[in-house]
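To find a chain, count down the sequence lines: A is the first, B the second, and so on, and within it residues start at 1.
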Amino acid sequence: MEIKLSELEKYLEIEIPAGSENIKISGVAPVDTAGKTDITFITGEKFLKKLENSNAAAVLIPKGFVPPDNIIPLYVDDPFYSYIKVLEYFSPRRSADIASGMSPLSFIDESAELGKDVSIAPFVFIGEGVIIGDNTTIGAGTAVLKGSSIGSGCLIYPNVSIIDRTSIGNNVIIHAGVVIGSDGFGFYPYKNTIVKVPQIGRVEIGDNVELQANTCIDRAVMGVTMIEAGVKLDNLVHVGHNVRIGTNTVLAGQVGIAGSVMIGKGVQAGGQAGFAEHIKVGDRAGIAGQAGVTKDVPPGIIVSGYPAKEHMKAIKEEIHIRNLPDLKMRVKELEKRINELENKE
Amino acid sequence: MEIKLSELEKYLEIEIPAGSENIKISGVAPVDTAGKTDITFITGEKFLKKLENSNAAAVLIPKGFVPPDNIIPLYVDDPFYSYIKVLEYFSPRRSADIASGMSPLSFIDESAELGKDVSIAPFVFIGEGVIIGDNTTIGAGTAVLKGSSIGSGCLIYPNVSIIDRTSIGNNVIIHAGVVIGSDGFGFYPYKNTIVKVPQIGRVEIGDNVELQANTCIDRAVMGVTMIEAGVKLDNLVHVGHNVRIGTNTVLAGQVGIAGSVMIGKGVQAGGQAGFAEHIKVGDRAGIAGQAGVTKDVPPGIIVSGYPAKEHMKAIKEEIHIRNLPDLKMRVKELEKRINELENKE
Amino acid sequence: MEIKLSELEKYLEIEIPAGSENIKISGVAPVDTAGKTDITFITGEKFLKKLENSNAAAVLIPKGFVPPDNIIPLYVDDPFYSYIKVLEYFSPRRSADIASGMSPLSFIDESAELGKDVSIAPFVFIGEGVIIGDNTTIGAGTAVLKGSSIGSGCLIYPNVSIIDRTSIGNNVIIHAGVVIGSDGFGFYPYKNTIVKVPQIGRVEIGDNVELQANTCIDRAVMGVTMIEAGVKLDNLVHVGHNVRIGTNTVLAGQVGIAGSVMIGKGVQAGGQAGFAEHIKVGDRAGIAGQAGVTKDVPPGIIVSGYPAKEHMKAIKEEIHIRNLPDLKMRVKELEKRINELENKE
């Protein structure tokens with residue numbers, strides 16, 4: 001796969017140096033590993049020196065910077081964004097790698113409604129009344145149960161389980177092994193037994209959401225568990241029943257969210273962070289990896305540790321703890337000195 | 001779907017007010033969102049005021065309480081339990097949403113023995129000598145390997161993997177993506193390699209167990225990994241080899257249990273709690289979310305933190321830590337005062 | 001299943017006592033549960049007493065030790081290793097329990113290349129250009145996407161998802177529900193949206209690796225996520241993009257590894273440990289369960305806690321924290337004494 005710089009000029013809506021139109025680019029790579037036909041990028045001054053030893057053919061570079069003579073400068077507003085666009089151009093994957101066309105080895109209930117150019121791999125199960133939008137692709141072994149709907153332009157990888165009456169928006173990416181709409185964890189102790197609270201609610205997934213491998217999203221007891229547009233959940237994330245996750249919130253691997261937690265918009269959480277049930281996390285809050293969030297987090301605040309507290313406070317406490325041996329020595333010293341003072345009297 | 005109060009009277013074994021027999025109920029909802037044909041519930045006095053603004057048609061209510069005139073009181077011993085029963089009545093899901101009848105697109109080994117009214121979805125694999133009880137339902141893409149047995153009345157959702165020689169009791173619910181009977185994590189360093197310890201044991205799952213999405217239960221090295229009757233495991237729980245979990249124990253999402261841990265009856269653990277190998281947890285112990293349990297927990301004791309300790313002790317330590325800046329100031333002040341005393345001499 | 005001691009003599013390359021050749025062994029068990037036809041083992045002197053009450057027929061025992069008269073001693077260099085070999089002999093599982101022969105109910109793309117004696121269960125999807133080595137077995141519902149390759153002698157359990165262009169070595173064991181090659185978690189905030197960074201790299205898995213149930217390994221942004229030979233990952237482990245895990249490293253259940261982490265050879269990590277992105281962990285380092293590793297760990301060092309620090313240091317801090325009530329009392333006492341001293345003047 002190749003692209004001429006003259007084509008890249010149009011694709012990225014940039015201006016390339018005169019005379020470089022016919023240079024061919026065959027790949028994208030970081031500054032230090034880029035080969036002679038690769039394009040690379042730098043985002044700031046401190047990377048300019050690295051560029052001197054780079055073999056790259058061309059560099060996506062902020063305006064005002066001058067690369068070495070042997071590397072063609074491609075001036076852009078946001079080099080990382082342009083780099084993503086070039087990566088997209090070279091990306092060999094997507095729907096064609098998952099399925100192409102309708103496999104006769106799938107099962108599609110006769111009541112299901114499929115849009116145009118839907119691709120369905122072998123061993124996919126599409127249940128009663130399921131609706132699937134245009135250009136959506138579904139991988140081998142995925143099951144979509146009764147009454148669920150999936151929007152257009154979605155990519156559903158293999159072995160995904162979408163339980164009944166789940167709604168999924170447009171341009172959603174769901175990686176292998178994800179489970180959406182399994183029962184919430186609701187039980188009630190009654191006369192020496194534990195009675196199951198029926199989970200009769202649903203899950204709604206907004207547009208442009210991405211759910212990574214083996215992540216689980218429980219259906220609501222009643223009402224809906226809501227994953228709003230643009231949310232990104234990493235691998236092995238657990239979302240309990242009746243949770244709401246706001247637009248563009250990004251949660252890293254193995255985050256766990258207990259029932260009825262409300263997470264705002266634009267929140268970011270590190271891996272293995274946990275949220276206790278019924279708490280509220282404000283917009284744009286930041287949650288450190290492994291934080292154990294046991295109470296509400298105000299908007300924009302960063303918390304860490306267990307139980308989670310404001311990150312600067314947690315760091316100060318950590319320093320105090322680290323200085324405990326010193327504090328103990330000082331107390332010991334004081335005791336010695338006061339003994340001496342008392343003895344003198 | 002609708003139910004007349006006269007029918008509900010029989011279903012719940014209660015007495016309804018005279019004249020309300022023909023009132024129709026079409027759903028169940030919390031006090032604040034209930035509509036005009038919904039039934040709701042309150043469990044205590046503090047919710048009575050909320051009821052004043054509720055649109056509910058009827059309320060499940062403890063004896064002795066009086067709701068507003070426009071809401072029909074349905075007196076019950078345990079309103080939450082009765083609410084569960086009504087939820088069950090309205091629950092649209094269950095076996096019919098997973099599979100109905102025997103799909104010709106499944107693979108069932110000729111040596112397998114299936115009970116009456118078993119339902120098997122497309123792309124289910126049933127291996128050699130597998131036994132399945134009456135009224136059990138198995139979802140699309142699930143695999144049940146050689147020599148396993150599943151009791152009656154079970155619901156197995158899609159894409160579950162039940163590895164060979166697993167025994168599953170009656171009325172067990174297994175959500176999508178669960179793996180039962182995969183190898184335990186047993187390795188032995190030998191002459192610069194790591195040798196696998198064959199895991200030749202099995203898994204046994206008691207009656208009325210519920211395993212939620214993507215949970216994994218390892219088979220024993222030798223003998224059995226035992227999940228006793230009534231145990232409930234949330235999503236993404238990890239159970240190591242030779243673990244035993246006692247009756248009616250309830251473990252929340254992403255709990256991790258290392259090999260040979262013995263957990264008693266009626267234990268409750270919060271999300272992401274972890275148990276180190278070979279420890280014993282007594283009956284009715286409580287384990288806080290994210291607790292790292294590194295040694296035995298006596299019966300009835302609540303522990304939290306890492307390493308886990310009695311919860312009250314952990315809270316006191318937390319307060320001591322929070323007061324460290326103050327303690328340091330006091331030591332500093334003491335140093336100043338003692339300096340002054342010493343200088344005076 | 002049975003084995004005569006004369007056969008075991010050859011199998012283990014040991015010498016058995018004269019006259020015991022025709023004794024038949026039917027199983028392996030720990031000292032305290034071994035029956036009359038079982039073989040057991042002890043690794044050291046402290047287990048000799050246990051042996052006195054054992055019913056075992058024979059014992060794998062270090063040279064120089066003498067078991068009770070009724071138990072035949074089988075002298076070996078490393079009793080635990082010999083016990084593993086006997087377990088292997090009696091192990092009823094392996095490829096035949098997963099699949100035997102090529103199922104006509106699988107889908108194998110005509111461009112795929114399969115070696116000799118490959119077994120493929122029903123509902124397996126093998127995509128375009130996939131290569132599979134000799135004697136490899138693939139369980140029901142597993143999907144192997146376009147351009148991936150799997151070596152010889154591998155065991156792939158049911159419902160595994162191997163995403164496009166993944167390379168897997170020889171003698172690799174992959175348990176049910178594992179996902180290999182799903183996208184890394186790469187996103188870039190751009191003008192109020194979150195743009196996906198295409199993940200165009202791959203995953204490589206070395207020889208003799210074992211991946212346990214529902215573990216997830218992300219493909220690289222560019223380049224490769226590398227799991228080197230002999231690595232063992234327990235259930236529900238999360239491996240981010242561009243991670244490298246060195247030879248013979250062993251990571252317990254629910255460990256989480258953020259993007260671009262470099263883990264050395266022979267590292268061991270306990271359950272639920274987490275690694276922050278871009279850090280380096282040296283060869284033979286030890287990471288305690290639930291440790292939150294936020295910076296590089298030197299070779300051979302053991303760390304624990306959050307943020308992770310050298311284990312001995314963490315233990316000392318823990319003791320200091322436990323002694324805080326005492327320290328506070330001492331400060332209080334000092335204040336009292338200094339008050340008295342000041343008042344005397």
Measuring heavy-atom distances to chain C, does [X] have an atom under 4.5 Å in its side chain, in its backbone, in both, or in neither?
X: A:Y306; result: neither
X: A:Q254; result: side chain
X: A:N208; result: neither
X: A:I173; result: side chain
X: A:L155; result: neither
X: A:K332; result: both
X: A:A229; result: neither

- [ ] Please check if any side-chain donor atom of C:N242 sits under 3.5 Å from a side-chain acceptor atom of C:T225, or the reverse.
- [x]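 Short answer, no.
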Heavy-atom pairs under 4.5 Å with chain A, option from [options] with the top count:
options: C:K196, C:Q272, C:E128, C:E333; value: C:K196
options: C:T215, C:V160, C:L145; value: C:L145
options: C:N192, C:V239, C:V124; value: C:V124
options: C:V221, C:T193, C:V331, C:L236; value: C:L236
options: C:I338, C:N323, C:T142, C:D218; value: C:D218
options: C:I194, C:L105, C:T294; value: C:I194

Identify which of [options] forms the greatest number of heavy-atom pairs closer than 4.5 Å to chain C.
options: A:P122, A:A29, A:G253; result: A:P122
options: A:E210, A:K85, A:R322; result: A:E210
options: A:A252, A:G141, A:A213; result: A:A213
options: A:L233, A:V28, A:L327, A:T33; result: A:L233

Measuring heavy-atom distances to chain A, does [X] have an atom under 4.5 Å in its side chain, in its backbone, in both, or in neither?
X: C:V144; value: neither
X: C:Q290; value: backbone
X: C:A176; value: neither
X: C:V255; value: backbone
X: C:F185; value: both
X: C:L324; value: side chain
X: C:F187; value: side chain
X: C:A140; value: neither

Keeping the roles fixed (side chain from [X], backbone from [Y]), state whether a donor-acceptor pair exists under 3.5 Å.
X: C:S148; Y: C:I163; answer: yes
X: C:N339; Y: C:K336; answer: no
X: A:S54; Y: A:V31; answer: yes
X: A:S119; Y: A:M102; answer: no
X: A:Q212; Y: C:G184; answer: yes
X: C:R219; Y: C:R202; answer: no

Task: Separation of C:I156 CD1 from C:I150 CD1 (nearest 0.5 Å) - done: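 Reported value, rounded in 0.5 Å steps: 4.0 Å.
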Task: Check: A:Y11 ring centroid to A:Y89 ring centroid under 6.0 Å - done: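 Aromatic pair counts; centres sit under 6.0 Å.
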Task: Between A:Y81 and C:Y188, ring centroids under 6.0 Å - done: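 Not under 6.0 Å, so no.
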Open item on the list: Is the ring pair C:F123/A:F123 parallel, tilted or perpendicular, if the boundaries are 30 and 60 degrees?
Closed with: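 Rings of C:F123 and A:F123: perpendicular, as their planes differ by over 60°.
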- [ ] Quick one: sort the C:F107 and C:F125 rings into parallel, tilted or perpendicular, breaks at 30° and 60°.
- [x]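 C:F107 and C:F125: parallel rings.
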Task: Shortest non-hydrogen contact between A:S91 and C:I200, atoms and distance - done: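 Heavy atoms only, the tightest pair is CA-CG2, 3.6 Å.
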TODO: Kindly indicate whether the side chain of A:K265, heavy atoms from C-beta on, has any atom under 4.5 Å from the side chain of A:E228.
DONE: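 Yes - at least one pair of side-chain heavy atoms lies under 4.5 Å apart.
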Using distance only, find each side-chain donor-acceptor pair of residues 309-320 of chain C under 3.5 Å and give its atom names and separation, not counting sequence neighbours.
from, atom 1, to, atom 2, distance (Å)
C:K309, NZ, A:E318, OE2, 2.6
C:K309, NZ, C:E317, OE1, 2.8
C:H311, ND1, C:S304, OG, 2.8
C:E318, OE2, B:K309, NZ, 2.6

